[in-house]
Amino acid sequence: LLRRYLSHYPGHLNIKWEQFMQLGKLTENPAELFSMSVLAARLSQEMNAVSRIHCRVTRDMFRSLYPGYYPAELPIGYVTNGVHLPTWASKSWQDLYTKFSRDFMDNQSDQSLWEKIREVDDEIIWKIRTKQKRALTDYLMLRLYGEMTRRNEDPKMIFRLREATRKQAMTFGFARRFATYKRAHLLFTNLPRLAKIVNSTKKPVRFIFAGKAHPKDKAGQDLIRKIYEISKTPEFMGKIIFVENYDIELAQYLIQGVDVWLNMPTRPLEASGTSGEKAVMNGVVNFSVLDGWWAEGYRQDAGWALREETTYDNPQSQDELDAETIYTLLEEEIIPMYYDCNEKKIPVKWIGYIRNTIAGIAPHFTMKRQLDDYHERFYKKLAHRSKAMNLHSYELARHIASWKRNVLKGWNSIQVVSMEVPDSTQKPMILGDTFKAEVVLDLKELRGTEVGVEVVFGKKVNDEVNEPILIEEMKLSRTNKSTVTYACEIPFNQAGVYDFSFRIFPKNELLPHRQDLSLVKWI
């Protein structure tokens, strides 16, 4: 397929077809499929993930592109996704925000403006939330009636569902793509316990589900079918609602009208997620796993979270633990707080969570913040480098390419002449000692300024160092023709048992990242 449409590309680039294909592969295995992600990684100066945890996962995924380096060292950054405030915040909330400042939408990065929510009276906040919830209920009644009549459902069932939906209840929303890793099934792990929660006469609860599965995702489709069938049973009628044909209009009503937004993905498979970010713009409190954006967004007294770390290696056991944790938090903390009202029937503590959500979380997940991050972390530096590269008919690009060819030509001829390192078998190092080492190399065709040497310390786990504890570059101390000496003196101020090794790498201040010429020799 690639040869059919891109056969002319290698000629334009002055490379062979095999070289072109290798740009999209991690290995030289001819059976490996061409990857657009690998191609993009090889041809881009900068790479970014879409959240802090996603950055860690991405570095691990692409580590084989940079042999000799640990994942934490890879030139992959991140910008956590944000959402467009004017699109997703309801008119009522936007009207309130613009009362904080006439230019609020143009100054979304000003934290002090968001903090003004703390000065707003409880009754005003609760009135907005009640209005949004009523709008959601009215919309659902119309939409569900239309869906059920089109399917020729039993009129009695339609009537019962409309009556049940009309009743006031604390409302949870779960709407997204129905991939299995999103774990919508967790809530249905213990149906008797769930029935007890939703059928409380004093503290009624409703869960609204919406979403679509990929046409080829049978597991996702089966999950939707299961939720739909449960929603039709007498004990869950009007308490568990599945809304078909998920679209932007439905999404807007849900993220504006529910009380709590649910998200329970399998760790660490949620790259970022944005539905919960849209919800916080409307004073909706989140309850999610500490994955994706919520790992950065979660604040105490502004939502609830399941811990990032897993307890069990077995996914089924972890699912069971998470499900029981969800039920317990619902029963003991979340639902009681929502229904703990003062004499004016206003849940004061819950409104405190809304204030903390808006003041402490919302401003950090707007599209304005996202664009600012891209500009500061990536766009600005790329613009400067592009300008430099284009000067004088790409003179700098030609110079760097020539230097890379020279280093590649001489790299394998580098020889280690001698090494002097502390002998821990004779005298173990203790706190306060100084680690002294010297490495002498014969660089042959290369210069000392083109080659760096560093000492890498790490703790061994099962005879392997997974992450470096300390990396210290050695100084170029002496040069005698092609023989070059590197030395270091490092104070030892961390207790523990460490291993160390030396790493040789090409060095050029014109490289955007050291790994731009990913050559490494360990000695």
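Positions are given from 1 along the sequence. Keep in mind that what you see is a predicted model, and the values were worked out from it rather than measured.
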Practice task
Would you sort out whether Phe188 and Phe236 count as a ring-ring contact (aromatic ring centres under 6.0 Å, His included), showing the intermediate values?
Solution key: CA-CA 11 Å; Phe188 306 97; Phe236 293 112; 7.4 Å; no

Practice task
Check step by step if ring-ring contact (aromatic ring centres under 6.0 Å, His included) holds for Tyr97 and Phe104.
Solution key: CA-CA 7 Å; Tyr97 294 150; Phe104 185 90; 5.1 Å; yes

Exercise for the section: Flag the pair Lys218 and Asp222 as a salt bridge only when some basic side-chain nitrogen lies within less than 4.0 angstrom of an acidic carboxylate oxygen. Expected result: yes

Problem - Pair Asp372, Ser109: side-chain N/O donor-acceptor within cut-off below 3.5 Å - result: yes

Practice task
Please work out whether the ring planes of Phe492 and Phe457 are parallel, tilted or perpendicular, with thresholds of 30° and 60°.
Solution key: perpendicular

Handout entry: Pair Arg355 + Asp301: basic N to acidic O under 4.0 Å
Key = no

Practice task
Measure up the Tyr374 and Phe378 rings against each other and bin them: parallel (under 30°), tilted (30 to 60°), perpendicular (over 60°).
Solution key: tilted

Exercise for the section: Please say whether more than 12 non-hydrogen atoms of neighbouring residues, nucleotides or ligands are located less than 6.0 Å from NZ in Lys381. Expected result: yes

Exercise for the section: May I ask you to say whether Asp95 pairs ionically with Lys99, meaning some side-chain N is under 4.0 Å from a carboxylate O? Expected result: no

Problem - Glu376 with Lys380: basic N within carboxylate O range, under 4.0 Å - result: yes

Practice task
Using a 4.5 Å cut-off on heavy atoms from C-beta on, say whether the side chain of Thr189 contacts that of Asp322.
Solution key: no

Practice task
Ignoring hydrogens and angles, state whether a donor on the side chain of His513 or Gln45 is under 3.5 Å from an acceptor on the partner side chain.
Solution key: no

Handout entry: Min side-chain heavy-atom separation Tyr312-Glu320 under 4.5 Å
Key = no

Handout entry: Side-chain donor-acceptor pair present, Thr328, Arg193, cut-off under 3.5 Å
Key = yes

Problem - Distance-only polar pair, side chains of Gln111 and Glu115, donor-acceptor under 3.5 Å - result: yes

Exercise for the section: Check whether the side chains of Arg118 and Asn356 place a donor and an acceptor atom closer than 3.5 Å, and report yes or no. Expected result: yes

Exercise for the section: Taking only Lys NZ, Arg NE, NH1 and NH2, and the carboxylate oxygens of Asp or Glu, determine whether Arg134 and Asp138 approach each other closer than 4.0 Å. Expected result: no

Practice task
Please determine if Arg377 forms a cation-pi arrangement with Tyr78, meaning its NZ or CZ atom is less than 6.0 Å from the six-membered ring centre and no more than 45° off the ring axis.
Solution key: yes

Problem - Residue pair Ser101 / Asp103, side-chain donor-acceptor N/O under 3.5 Å - result: no

Problem - Side-chain donor-acceptor contact under 3.5 Å, Asn263 with Glu270 - result: yes

Exercise for the section: State, without any angle test, whether Thr310 and Gln318 hold a side-chain donor-acceptor pair at a distance under 3.5 Å. Expected result: no

Exercise for the section: Could you tell me whether Arg514 and Glu454 make a salt bridge, using a distance below 4.0 angstrom between a side-chain N and a carboxylate O? Expected result: yes

